[in-house]
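What follows is a short report on a single structure.
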Amino acid sequence: MAVARGGSDPAFPRDPLTLLRSRSYLVLLLMSALIGVPVSAAAFGFLALVGEIQPLLYTDLPRSLGFDETPGWWPLPLLGLGGLLVGLTIQHLPGNGGHEPSEGFKTTGPPTAAHLPGILLAALATLCFGAVLGPEAPLLALGAGLAAGAVRMVKRDPPQQAVAVLGAAGSFAAVSSLLGSPLLGAFLLMEASGLAGPMMALVLVPGLLASGIGALIFVGLGSWTGLGTYSLALHNVPDAADPTITEFGWALLIGVSAAVAGVGIRRLATRLRTHVEKRRVPATVVVGLIVAGLAVGYAEATGKAATDVLYSGETALDPFLTNSAAYSAAALLLLLLCKGLAYTVSLSAFRGGPIFPAMFVGAAGGILLSHLPGLSLTAGFAMGIGAMSAAMLKLPLVSVLLATLLLGTQGITVMPLVIVAVVASFVTTAKLTPPPTPQPEASPERGQP
């Protein structure tokens, strides 16, 4: 994602408030609105392509080869091939395949046009073949890259601040409906970028404009094509009772547990990544086979679908909550273990976003704990999502909103519990995460004080 920051670009006023009142800012708003249309259409097309290829690979292809149903071992060759494609893309195409997911959710500047093909190919191979990462990171890169590219096509050597603001607007438009609400996507990008004060307003207004237009485009294309909007949504949320003292105790426990799990996932993924980078192509193939093996093992042990473990989980959250009663505590425990390990190894080698797998792992943990006394299903589900999101993203406000807005009116009831779980997770994660190694200060040049 592109983020506008302070600078001395001569084409723009140095004071953000002065820029907000200027004619050039009105031009930025108009360009943001115009950019939101093609960017959101491109993002919709990317999600539609993923949505079409996934069943083609896992359902249509085995049937066309003469199988009555998808064989249990089927994920093994597919994820091996997916790992090969991702490894070759990262190694040979510019851009390193895009965002490194083991580093967490981060905002960066717009990718160049030369980097976009590699980013999109690596993401398609990751998402379509079943690795456990989400589409948000490549969508942000797609939106920012297309927006920045459009600016450079219109004007040679455009002001860097304009490129940054419009790149951010492109990112807003690309994820406008993915998280269920344009506002939630906006909060995600604002909190991740660390903007505040007048500079936040500088980026927020064109970003919200592009996001609102993007959401309309998603709705229109979803209706016209019959494919839907690819928006995160739950349709059958159980009623939530008012929080109890016992559930506040559960909130603390869930928050601390999620932090421990999140830090463990991130550390293991980082260590594995160092080995993957030494032999990128064969190591990524091995990682793909590990993900597939976890999915096959889970399916054979529980009789459930291997897709519970495969993929990022955003489309699986709704049926998972609806049919949660069909999962025994043992099945949920095995799902939590297999999905968590598949998420960990996917972070180390594949390309995609970390948000949706974190939500699914948290949801599985919350549902598992709801089998114990004193914790309702809806409260456990929401607190698990919020706490695990906070542990993996380190964005407390977005984590609360992800868990509560997703539940609709029931989310308001459980919001106090989610806040406690998120705060406990966020603080514990900070305690368990070692501080960054301080960089040595550059010695002053000769003649300088």
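- Side chain of Ser223 to backbone of Val219: no donor-acceptor contact under 3.5 angstrom is found.
- Leu121 places none of its side-chain heavy atoms less than 4.5 Å from the side chain of Leu85.
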Let me have the donor-acceptor pairs involving side chains of residues 48-60, under 3.5 Å, with sequence neighbours excluded, atom names and distances please.
unit_1 : atom_1 : unit_2 : atom_2 : d
Gln54  : NE2    : Leu127 : O      : 2.9
Tyr58  : OH     : Phe129 : O      : 2.7

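- A donor-acceptor distance shorter than 3.5 angstrom exists from the side chain of Asp318 to the backbone of His235, with no hydrogens or angles considered.
- Note that the CD atom of Gln91 and the OG1 atom of Thr89 stand 10.5 Å from one another [nearest 0.5 Å].
- Counting only heavy atoms from C-beta outward, the side chains of Ile355 and Leu402 approach each other to under 4.5 Å.
- Counting heavy atoms from C-beta on, the side chains of Thr270 and Arg267 never come closer than 4.5 Å.
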- Message: Please evaluate residues His99 and Leu133 with respect to the criterion side chain to side chain contact (heavy atoms under 4.5 Å, CB included), reporting the C-alpha separation (whole Å), side-chain torsions for both, the decisive distance (0.1 Å), and the verdict.
- Response: CA-CA 12 Å; His99 169 72; Leu133 291 173; over 6 Å; no
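- When every heavy atom of Ala169 is checked against every heavy atom of Ser32, the shortest pair comes out as CB-OG, 3.8 Å.
- Between Ser399 and Ser389, the closest heavy-atom pair is OG-C, 3.3 Å.
- Side-chain contact check for Leu321 versus Leu377: some heavy-atom pair is nearer than 4.5 Å.
- Between the side chain of His92 and the backbone N or O of Gly87, no donor-acceptor pair lies under 3.5 Å.
- Minimum heavy-atom separation, Ala382 to Val414: CB-CG2, 3.8 Å.
- Remark: Arg63 CZ to Thr70 OG1 distance equals 6.5 Å, nearest 0.5 Å.
- At distances below 3.5 Å, not a single donor-acceptor pair connects side-chain atoms of Arg280 with backbone N or O atoms of Val86.
- The shortest distance between side-chain heavy atoms of Leu310 and Leu79 falls below 4.5 Å.
- Residue Glu277 holds its CD atom at 4.5 Å from CZ of Arg273, rounded to the nearest 0.5 Å.
- Within the 3.5 Å criterion, the main-chain N or O of Asp308 finds a donor-acceptor partner in the side chain of Lys339.
- Annotation: side chain of Leu336 is in contact with side chain of Val361 (closest heavy-atom distance under 4.5 Å).
- Panel note: side chain Ser64, backbone Leu61; a donor-acceptor pair is recorded below 3.5 Å.
- The two atoms that bring Ser40 and Ile217 nearest to each other are OG-CB, 3.2 Å, heavy atoms only.
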- Query: Between Met359 and Leu232, is a side chain to side chain contact (heavy atoms under 4.5 Å, CB included) present by the stated rule, with each step listed?
  - Reply: CA-CA 11 Å; Met359 294 177 66; Leu232 182 64; 3.6 Å; yes
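- Closest non-hydrogen pair, Thr413 versus Ala240, comes out as CG2-O, 3.7 Å.
- For the atom pair Leu289 CG and Leu78 CG, the distance stands at 11.0 Å (nearest 0.5 Å).
- Applying the side chain to side chain contact (heavy atoms under 4.5 Å, CB included) criterion to Asn323, with sequence neighbours excluded, gives Pro319.
- Side chain of Ser171 to backbone of Leu140: a donor-acceptor contact under 3.5 angstrom is found.
- Between Glu100 and Arg351, at least one side-chain N (NZ, or NE/NH1/NH2) sits under 4.0 Å from a carboxylate O, which counts as a salt bridge.
- A distance-only check finds no donor-acceptor pair linking the side chain of Thr428 to the backbone of Ser425 [under 3.5 Å].
- Distance check, rounded to the nearest 0.5 Å: CG of Leu124 to CD1 of Ile119 gives 12.0 Å.
- Counting only heavy atoms from C-beta outward, the side chains of Leu116 and Leu146 approach each other to under 4.5 Å.
- Panel note: side chain Lys304, backbone Ala299; no donor-acceptor pair is recorded below 3.5 Å.
- Qualifying side chain to side chain contact (heavy atoms under 4.5 Å, CB included) partners for Ser257, counting only residues two or more places apart in sequence or in other chains: Leu253.
- Centroid-to-centroid, the aromatic rings of Phe360 and Phe320 come within less than 6.0 Å.
- Side-chain atoms of Leu47 and Leu139, non-hydrogen and from C-beta on, do get closer than 4.5 Å to each other.
- Between Gln410 atom CD and Thr404 atom OG1 the span is 12.5 Å, to the nearest 0.5 Å.
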- Message: Please determine whether side chain to side chain contact (heavy atoms under 4.5 Å, CB included) holds for the pair Thr378 and Asp239, giving the CA-CA distance in whole Å, both sets of side-chain angles, and the decisive distance to 0.1 Å.
- Response: CA-CA 7 Å; Thr378 302; Asp239 291 338; over 6 Å; no
- Query: What's the verdict on side chain to side chain contact (heavy atoms under 4.5 Å, CB included) for Phe350 and Val132, showing C-alpha distance, side-chain angles and the deciding distance?
  - Reply: CA-CA 9 Å; Phe350 284 86; Val132 187; over 6 Å; no
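- Smallest separation of non-hydrogen atoms from Leu347 and Pro354: CD2-CB, 4.2 Å.
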